[in-house]
Every structure is written in structure tokens, then in C-alpha cells.
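Everything numeric here is computed off the predicted structure, so don't read it as measured data. Only heavy atoms go into these numbers, but all of them, side chains included; no hydrogens, no water, no symmetry mates.
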Amino acid sequence: METKEYKNLNNHELPELERKGLFRRWHYKPTQSAVDKKEYYFIADDYDDLKTLLEKHSFNDLKGLHCKTLSPIKLVVLTSKDGKFAATQIFRYYDYYFVLDSDIWVYIDADAEAFVGALKELKPEG
């Protein structure tokens, strides 16, 4: 397995984010909106389609993928409460743990809102 060096979204390694407040929560700098983290899981056969639609901003196609709990493809997503920022990264399950498998995609304003809207329509299968 070839390993690449990627920035890790789990560590919030993005210039658009900063820690603020008493509890040192992450915030999106331009709007000062708090950032939340969620994880979505997809079947292995959907990996190429997932990567392509994230690159091409084809967020409506997300609902055509198989979102299942505890599948080998994990999509980590950071979103601001105001919907003006979203970032995502793909991880794959190898040898008992998830490893980074993509760069980070960052979406701002209308793209972020479209991405977050598409994620809300995902209904994980059992």
C-alpha cells in the first residue's frame, strides 16, 4: 500500500479555522461561526464515485451512493453553523484502522450550502 502525506482534517489543519472562546472550540474565521464535525460511511464500491462527485461539486449525486453504518469508507465533514463553510476528507479502512486517503476539499458560501444540504438528505442504511 502506497502512503501519501495528507493534511488531516481530524486535526483541523486548515487556515480558515481558529480556536476561540473558553472551551477553545473551532470557528470559521470570516464569519466567526462555530464548526461541527460529523462522519459518514459508504461502501467500498462507492469510493471512486464519492471522490469524483466531491471534486466536481456534484453534491446532488450523494443520495445515489450507499451510505451505511460502519462501512470501510469514512467521510469526515466539518461544517460551520451558518452553512458558509464545509470541508471534507476521505479515509479508508486498512488493517484495523482508518487511514487518510484523500486531500481535503473545502467549500465556501454557495458550494458549502449545497454540500451541507445534500448531506442532510443522506439516510444511512442499516
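- Side-chain contact between Leu65 and Leu122 is absent, with no heavy-atom pair separated by less than 4.5 Å.
- Between Phe85 and Tyr28, the distance from one ring center to the other falls under 6.0 angstrom.
- Side-chain atoms of Phe42 and Ser71, non-hydrogen and from C-beta on, never get closer than 4.5 Å to each other.
- Within the cation-pi definition used here (under 6.0 Å to the ring centroid, within 45° of the axis), Lys68 does not qualify as a partner of Tyr41.
- By the ring pair (Phe, Tyr, Trp, His ring centres under 6.0 Å) test, Tyr107 is found to be paired with His57, Phe59, Phe115, residues two or more places apart in sequence or in another chain being considered.
- Counting non-hydrogen atoms of neighbouring residues, nucleotides and ligands closer than 6.0 angstrom, the NZ atom of Lys81 reaches no more than 12 such neighbours.
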(request) Before giving the answer on salt bridge (charged side-chain N to carboxylate O under 4.0 Å, His left out), spell out for Lys74 and Glu39 the whole-Å C-alpha distance, their side-chain angles and the decisive distance to 0.1 Å. (result) CA-CA 7 Å; Lys74 177 170 71 170; Glu39 296 176 353; 3.8 Å; yes
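- Looking only at distances, no side-chain donor or acceptor of Thr88 sits under 3.5 Å from a matching main-chain atom of Trp105.
- Taking the ring axis of Tyr47 as reference, the NZ or CZ atom of Arg92 stays within 45° of it and closer than 6.0 Å to the ring centre.
- The closest side-chain heavy-atom distance from Val77 to Lys37 is not below 4.5 Å.
- Note: Ser58 OG to Leu50 CG = 11.5 Å, rounded to the nearest 0.5 Å.
- A donor atom on one side chain and an acceptor atom on the other are not found under 3.5 Å apart for Thr79 and Asp36.
- The environment of NZ in Lys38 is sparse: at most 12 heavy-atom neighbours from other residues, nucleotides or ligands sit within 6.0 Å.
- The aromatic rings of Trp26 and His12 lie parallel to each other, their planes meeting at an angle below 30°, with 60° marking the opposite boundary.
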